[in-house]
Amino acid sequence: MAKSKVLVIGGTGYLGKRIVKASLAQGHITYVLQRREMGLDIDKIQMLLSFKKQGAVLIQGSFSDHQSLVDAVKQVDVVICTMSGVHFRSHNILLQLKLVDAIKEAGNIKRFIPSEFGTDPSRMGHALEPGRVSFDEKMRVRRAIEDAKIPFTYVTANCFAGYFAGNLSQMGTLMPPRDKVTIYGDGNVKVVYMDEDDIALYTIKTIDDPRTLNKTLNIRPPENILSQRELVEKWEKLIGKELQKISFSQEDFLASMKGLDFASQVGVGHFYHFYYEGCLTNFEIGEEGEEASELYPDVKYTRMDEYLKIYL
């Protein structure tokens with residue numbers, strides 16, 4: 001069977017550039033949307049040109065030009081959107097509603113993967129304000145996709161290692177501490193840490209797989225289901241030193257949200273659900289979902305002790 005042609009929206013972004021690379025590596029004809037709004041953003045333009053050198057096809061389009069999106073979509077079989085959904089960078093989740101309209105009008109897409117790649121929003125109806133906005137908006141996009149009867153795969157990838165593992169899950173830094181570390185509660189709640197390149201590879205593997213059609217792909221490989229304490233222990237073993245551990249109670253952690261700016265409040269809320277509530281691992285994957293490492297045992301996913309070596 002011929003491999004699907006793929007259009008990546010948000011291809012110059014944090015995860016998007018990895019999706020483009022994985023798509024090309026897996027032999028897909030890969031298109032990347034070149035948004036007219038890029039203007040003089042030289043870094044993004046040069047990244048697009050580097051994709052072109054690697055074999056990607058650039059398609060001009062704009063979210064302010066519906067027909068340009070329709071025309072772009074008509075050239076491919078699969079659309080993957082990786083637009084940012086984090087408030088401290090840019091938050092564009094609802095722009096995808098315009099993309100849904102374009103996909104619906106084009107009528108040719110056999111799979112749409114919207115920008116999720118974090119926590120399963122369908123399980124977060126109880127989430128704290130203001131952080132719940134991320135989940136509510138993703139659910140609005142899901143409803144639009146399903147109302148339009150667009151074939152989909154939702155990808156929940158849990159904690160990006162670059163944001164949550166390299167820093168031992170510390171807020172406000174992306175580098176690992178070498179003297180003392182804050183532990184959330186008792187530090188024994190299980191979360192899931194994933195290398196972003198592995199997320200991209202698992203995502204690309206779903207697009208021609210009937211087992212993932214109209215389902216949620218949960219990227220939750222067993223060896224990357226770790227508590228914060230287990231993650232810290234891996235770092236301690238690598239540096240040959242035990243860190244001073246400072247426990248942060250649930251009450252104090254939630255109280256720390258007061259007076260923070262909006263983006264920081266969103267972050268605190270999400271950390272609460274991950275590290276105190278355990279929302280990433282406190283459920284069984286049902287018939288509506290699949291687990292990535294079970295579907296694709298050939299993927300040699302990165303374990304976190306190996307991942308942390310880059311920080312030495």
For [Y], is there an ion pair with [X] - N to carboxylate O distance below 4.0 angstrom?
{"X": "Glu306", "Y": "Lys300", "answer": "no"}
{"X": "Lys237", "Y": "Glu230", "answer": "no"}
{"X": "Lys21", "Y": "Asp197", "answer": "no"}

Once you round to the nearest 0.5 Å, how far does [atom1] of [X] lie from [atom2] of [Y]?
{"X": "His28", "Y": "Lys3", "atom1": "NE2", "atom2": "NZ", "result": "4.5 Å"}
{"X": "Thr216", "Y": "Ile285", "atom1": "OG1", "atom2": "CD1", "result": "9.5 Å"}
{"X": "Phe117", "Y": "Met83", "atom1": "CZ", "atom2": "CE", "result": "12.5 Å"}
{"X": "Ser23", "Y": "Ile207", "atom1": "OG", "atom2": "CD1", "result": "5.5 Å"}
{"X": "Arg229", "Y": "Leu168", "atom1": "CZ", "atom2": "CG", "result": "12.5 Å"}
{"X": "Arg18", "Y": "Leu201", "atom1": "CZ", "atom2": "CG", "result": "13.0 Å"}

What pair of heavy atoms forms the shortest contact from [X] to [Y], and how long is it?
{"X": "Thr82", "Y": "Gly11", "result": "OG1-N, 4.3 Å"}
{"X": "Gln96", "Y": "Ser115", "result": "OE1-N, 2.7 Å"}
{"X": "Arg140", "Y": "Leu97", "result": "NH2-CD1, 3.7 Å"}
{"X": "Leu308", "Y": "Ala165", "result": "CD2-O, 3.5 Å"}
{"X": "Phe112", "Y": "Cys81", "result": "CE1-CB, 4.1 Å"}
{"X": "Gly269", "Y": "Met257", "result": "N-CE, 3.9 Å"}

For the residue pair [X] and [Y], is the inter-centroid distance of their aromatic rings smaller than 6.0 Å?
{"X": "Phe274", "Y": "Tyr184", "result": "no"}
{"X": "Tyr193", "Y": "Tyr163", "result": "no"}
{"X": "Tyr301", "Y": "Tyr307", "result": "no"}
{"X": "Tyr272", "Y": "Phe253", "result": "no"}

Do [X] and [Y] have side-chain atoms, one donor and one acceptor, less than 3.5 Å apart?
{"X": "Thr173", "Y": "Asn167", "value": "no"}
{"X": "His270", "Y": "Gln265", "value": "no"}
{"X": "Asp209", "Y": "Thr212", "value": "no"}
{"X": "Lys17", "Y": "Thr12", "value": "no"}
{"X": "Arg220", "Y": "Thr281", "value": "no"}

Assigning hydrophobic clusters by single linkage (Ile, Leu, Val, Met, Phe, Trp, Tyr; side-chain heavy-atom cutoff under 4.5 Å), is [X] placed with [Y]?
{"X": "Phe271", "Y": "Met124", "result": "no"}
{"X": "Leu280", "Y": "Met139", "result": "no"}
{"X": "Phe135", "Y": "Leu95", "result": "no"}
{"X": "Leu128", "Y": "Val189", "result": "no"}

With the side chain counted from C-beta on, respond yes when [X] and [Y] share a heavy-atom pair under 4.5 Å apart, and no when they do not.
{"X": "Pro114", "Y": "Ile145", "result": "yes"}
{"X": "Lys234", "Y": "Lys309", "result": "no"}
{"X": "Thr206", "Y": "Tyr296", "result": "yes"}
{"X": "Lys190", "Y": "Leu226", "result": "no"}
{"X": "Val191", "Y": "Tyr275", "result": "yes"}
{"X": "Pro121", "Y": "Glu116", "result": "yes"}

Salt bridge (charged side-chain N to carboxylate O under 4.0 Å, His left out) test vs Arg123 passes for just one of Glu277, Glu284, Glu288, namely Glu288

**Prompt:** Going through the checks in order, is the side chain to side chain contact (heavy atoms under 4.5 Å, CB included) test met by Ile9 and Leu99?
**Reply:** CA-CA 9 Å; Ile9 313 287; Leu99 185 57; 4.0 Å; yes

Over 12 foreign heavy atoms within 6.0 Å of [atom1], [X]:
{"X": "Lys44", "atom1": "NZ", "answer": "no"}
{"X": "Lys104", "atom1": "NZ", "answer": "no"}
{"X": "Ile310", "atom1": "CD1", "answer": "no"}

Applying salt bridge (charged side-chain N to carboxylate O under 4.0 Å, His left out) to Lys180 and not counting sequence neighbours gives none

Side chain to side chain donor-acceptor pair (under 3.5 Å) for Gln67 and Asp71? Distances and angles first, verdict last. CA-CA 6 Å; Gln67 191 57 49; Asp71 293 342; 2.9 Å; yes

- Show your working on side chain to side chain contact (heavy atoms under 4.5 Å, CB included) between His126 and Arg132 and close with a plain yes or no. CA-CA 8 Å; His126 65 290; Arg132 65 171 298 133; 5.8 Å; no

Quick one: does NZ or CZ of Arg142 land under 6.0 Å from the six-membered ring centre of Tyr154, within 45 degrees of the ring axis? yes

Item to complete: Might you work through the side chain to side chain donor-acceptor pair (under 3.5 Å) test for Glu37 and Ser62, ending with a clear yes or no?
Response: CA-CA 7 Å; Glu37 293 83 357; Ser62 171; 2.4 Å; yes

